[in-house]
Amino acid sequence: MSEVRVRFPPSPTGYLHIGGARTAIYNWLFAKKHGGKMVLRIEDTDAERSTEESIRGIIDGMEWLGLDWDEGPYFQTDHAEEHNAAAVRLLATGQAYKCFCSKEELEARREAAVKAKADYRYNGACRDLSPDEVAAREAASAPFVIRFKVPREAGAVAFKDAVCGGIERSYQDIEDFVIVRSNGQPLYLLCNVVDDIRDRISHVIRGQDGLANTPRQILLYRALGAQPPVFAHMPLTLDLNKAKISKRSHGEVVAVHFYREQGFISWALVNFLVLLGWSPGDDREIFSQEELIEAFSLEGISRANSIFNYRKDDPKFFTDPKAININAHYLRTIPVSELATLVKPFLEQEKIWDPAYDGDKKEWFEKTLVMIRERFHTLKDFTTLGRAWFADDFTVDDKALQKNLLKHPPLKEWLPELADRLAALPEITPEEAERVARELAEAHGVKPGVPINGARAVITGQIKGPSMFEVFAHLERDKVICRLRETAKYFVVES
RNA sequence: GGCCCCUUCGUCUAGCGGUCUAGGACGCCGGCCUCUCACGCCGGUAACACGGGUUCGAGUCCCGUAGGGGUCACCA
């Protein structure tokens, strides 16, 4: 096979969403797997809707995901002349023609057809205009569009899609489509083909919404004397109502930046997304970058649309539960030094980052992360659920407060007493802490869980967490003692 | 509506004629562990859309039906 060249061609009309990201990922994996190149091409011909901000957002998203490209970003608008030249060439070679039918006229005909429930297709009225007629209308400066001359003999465009298999579309079903607007602007169908030819794209990997365009594009390739690339149309991602996911109806949850802000590890998102419509053929689900590149193939892409399992009002899952699960998996398995770099910006944003975590306290910081990451799902959790480790302004979880503290009023005295006992130790070790805590429970005739869970509430603010004996030993000694001594403040009766 | 595509547990999927009383993962439920929770481990729940063929044999092939999706612009 000659050189593999793929492209990712977003139109800059919004942020990078997970559907686009998935397309980018598949292209990127395919390029990497075959030692090929990926081209990033910004399709900005729709000047009305294209924005700088959006371009920036897309590039940021790609970079965050770790999807690098070899060429570009190119901009479609930089090649306007080529697009025009192609149209002129098609006209000159008789493969396209000027159509003077008015927009209103065509609109009316289409509406009539819809009303009559008939199939509408351009009737080719201008297809066989004589040169004289064309000249006459041009002389009258009548506006025109340029249409592509679809073969009128019996036959069909057939191609083999790498995902969907053999696809065939008969010429009859394709109308003479417009390739240049009456204002002289070439349309997407043409621009896209011209750009892909210039960029020597060997494989077009895109969503199945592009499938219906393909026969027309193949006709253009032929007319321009170029070899069509291999097409691979991947399934679309739908929501639980089987509707296409979109910014409009789903909001932030489909935006790549949302996952970044929520504390996703970018590779975890990639890993989740790649599984949405692709399978390695075996039971593996967690992949390193190398493993994924190795395992990826177009054949593993499903033909059926997949559903992004997100329930809008589920308080437990802010996105697809599987995505969260995969993120949590990476959170507790990546090297702790790597985790530390990822957590840092979140702590900084909350203004609870201590520069010493990069210096003197580095060891303490990393051990803390290891202790608490086990039950966290996102990087953000370190600033919320794990806040008591890095700051004193944490709030005590209401359930912890009710169930583990207020339910046992004597804790008001017992926990300060525990503080005294711990303070009396020359060094707080997990073993000593356990001994002391159990002795205290025994002295008051309660189960050890009572003071221990109470201590967890006032020290970590949580109802769950690492072993308290480890916590006593690891958190700064004065914080442990101070928080236990202040237990009474939680018992203040509010009126 | 025309044309095209799709249909295995709630979700992502394995399955490419017999090894499928359908496997894995997430979710959910139960158990072990335990100071709590999580992790881990063990167990459970739950699917071949429907109807006809072909075949000794069909989740796997063919045809219909139903459902879903895509596309039918002087948008990209």
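Numbered from 1 within each chain, the chains take letters A, B, ... in sequence-line order.
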Between A:K322 and B:G24, is there a side-chain N or O to OP1/OP2 distance below 4.0 Å? no

Which part of the nucleic acid does A:R311 contact within heavy-atom distance under 4.0 Å: base, sugar-phosphate only, or nothing? sugar-phosphate

Describe the nucleic acid contact of A:S182 in one word from base, sugar-phosphate, nothing, applying a heavy-atom distance below 4.0 Å. base

Nearest-nucleotide check on RNA chain B, A:C164 vs A:L189; residue mapping nearer the 5' end is A:C164

Establish, with yes or no, whether the OP1 or OP2 oxygen of B:G24 is under 4.0 angstrom from a side-chain nitrogen or oxygen of A:R284. no

With the side chain defined as heavy atoms from C-beta on, A:R121 is closest, among B:C39, B:G2, B:A76, to B:G2

Between B:U21 and B:G59 - P atom distance, rounded Å: 9 Å

Looking at A:E285 and B:G24, is any side-chain donor or acceptor paired with a base atom of the opposite kind under 3.5 Å? yes

Hunt down the Watson-Crick or G-U wobble partner of B:C37, both distances under 3.5 Å, from any strand shown, or write none. none

Of the candidate nucleotides B:U71, B:A73, B:A76, which contains the atom at the shortest distance from the side chain of A:L187? B:A76

Which one, B:C12, B:G69, B:A76, comes nearest to the side chain of A:S306? B:C12

Looking across every strand, which nucleic acid part, if any, lies under 4.0 Å from A:V145 by heavy atom: base, sugar-phosphate, or nothing? base

Within less than 4.0 Å of OP1 or OP2 of B:U36, is there a side-chain N or O belonging to A:K403? no

Under 4.0 Å between a side-chain N/O of A:N309 and OP1 or OP2 of B:G10, yes or no? no

Which is true for A:K447 with a 4.0 Å heavy-atom rule: it touches a base, it touches only sugar-phosphate, or it touches nothing? nothing

Considering just the side-chain nitrogens and oxygens of A:R110, establish if one lies under 4.0 Å of OP1 or OP2 belonging to B:G1. no

Counting side-chain heavy atoms from CB outward, which of B:G69, B:C12, B:C4 is closest to A:L211? B:C4

By the 4.0 Å heavy-atom rule, please label A:G210 as base, sugar-phosphate, or nothing. nothing

For A:P466, answer base if it contacts any base atom (sugar-phosphate contacts may also be present), sugar-phosphate if it contacts only those atoms, and nothing otherwise; contact means non-hydrogen atoms under 4.0 Å. base

Integer angstrom distance from the P of B:C3 to that of B:C16: 34 Å

Result for ring-ring contact (aromatic ring centres under 6.0 Å, His included) between A:W278 and one of A:Y26, A:F272, A:F296 points to A:F296

Is there a donor and acceptor pair, one atom on the side chain of A:R375 and one on the base of B:C37, closer than 3.5 Å? yes

Which comes earlier along RNA chain B counting from the 5' end, the contact point of A:E107 or that of A:I167, where each point is its nearest nucleotide? A:I167

For B:C28, what is the paired nucleotide under Watson-Crick or G-U wobble rules, both distances under 3.5 Å? B:G44

Is there a donor N/O on one and an acceptor N/O on the other, under 3.5 Å, for the side chain of A:K464 and the base of B:A38? no

Please work out if A:G207 contacts a base, only the sugar-phosphate, or nothing of the nucleic acid, heavy-atom cut-off 4.0 Å. nothing

Contact class for A:R303 vs. all strands (heavy atom < 4.0 Å): base, sugar-phosphate, or nothing? sugar-phosphate

Indicate, with a heavy-atom threshold strictly under 4.0 Å, whether A:K103 touches base, sugar-phosphate, or nothing. base

Identify whether any heavy atom of A:F177 sits under 4.0 Å from a base atom; if not, whether one sits that close to sugar-phosphate; answer base, sugar-phosphate or nothing. nothing

Report which part of the nucleic acid A:D282 touches: base, sugar-phosphate, or nothing (heavy-atom distance under 4.0 Å, all strands). nothing

In whole Å, what separates the C1' atom of B:G2 from that of B:U8? 31 Å

I need the single residue from A:N27, A:T23, A:T214 that forms a side-chain hydrogen bond (donor to acceptor under 3.5 Å, both in side chains) with A:R206. Which is it? A:T214

Regarding the side chain of A:S279, the nearest nucleotide among B:U13, B:G24, B:C6 is B:U13

Can a cation-pi geometry be assigned to A:R137 and A:F144, taking NZ or CZ under 6.0 Å from the six-membered ring centre and within 45° of the ring axis? no

Please measure how far the P atom in B:U19 lies from the corresponding atom in B:G15, and state the result in whole Å. 16 Å

Testing the 3.5 Å rule here: is there a donor-acceptor pair between the side chains of A:H250 and A:D239? yes

Picking from B:G24, B:G27, B:G70, the nucleotide nearest the side-chain atoms of A:N325 would be B:G27

Report the nucleotide, chosen from B:C3, B:G24, B:C74, that has the shortest atom-to-atom distance to any side-chain atom of A:D283. B:G24

Tell me the partner of B:G1, counting only Watson-Crick (N1-N3 plus N6-O4 or O6-N4) or G-U wobble (N1-O2 and O6-N3) with both under 3.5 Å; none if nothing fits. B:C72

Find the distance A:D381:CG to B:A38:P and express it as a whole number of Å. 14 Å

Pairing check on B:C50: which nucleotide meets the Watson-Crick or G-U wobble criteria with it, both distances under 3.5 Å? B:G64

Start with the C-alpha gap between A:H83 and A:T45, add the side-chain angles, then the distance that decides, and say whether side chain to side chain donor-acceptor pair (under 3.5 Å) holds. CA-CA 11 Å; A:H83 305 146; A:T45 48; over 6 Å; no

Tell which nucleotide pairs with B:U19, taking only Watson-Crick or G-U wobble pairs whose two distances are both under 3.5 angstrom. none

Among B:A76, B:A14, B:U71, find the nucleotide with the atom closest to the side chain of A:T45. B:A76

Under 4.0 Å, counting only non-hydrogen atoms across every strand here, what does A:Q76 touch: a base, just sugar-phosphate, or nothing? sugar-phosphate

Would you say A:R181 reaches B:C75's phosphate, i.e. side-chain N/O to OP1/OP2 under 4.0 Å? yes

Between B:A76, B:C3, B:G27, which nucleotide has the shortest distance from any of its atoms to the side chain of A:D173? B:C3

Would you measure the distance from the P atom in B:G44 across to the matching atom in B:C26 and give it in whole Å? 15 Å

Give the nucleotide from the list B:G69, B:C5, B:C26 with an atom nearest to the side chain of A:Q208. B:C5

Side chains of A:Y74 and A:D195: do they bring a donor and an acceptor to under 3.5 Å? no

For A:K399, which contact category applies under a 4.0 Å heavy-atom criterion: base, sugar-phosphate, or nothing? nothing

When you compare the side chains of A:D176 and A:Y97, does any donor N or O come within less than 3.5 Å of an acceptor on the partner? yes

For A:I307, which contact category applies under a 4.0 Å heavy-atom criterion: base, sugar-phosphate, or nothing? sugar-phosphate

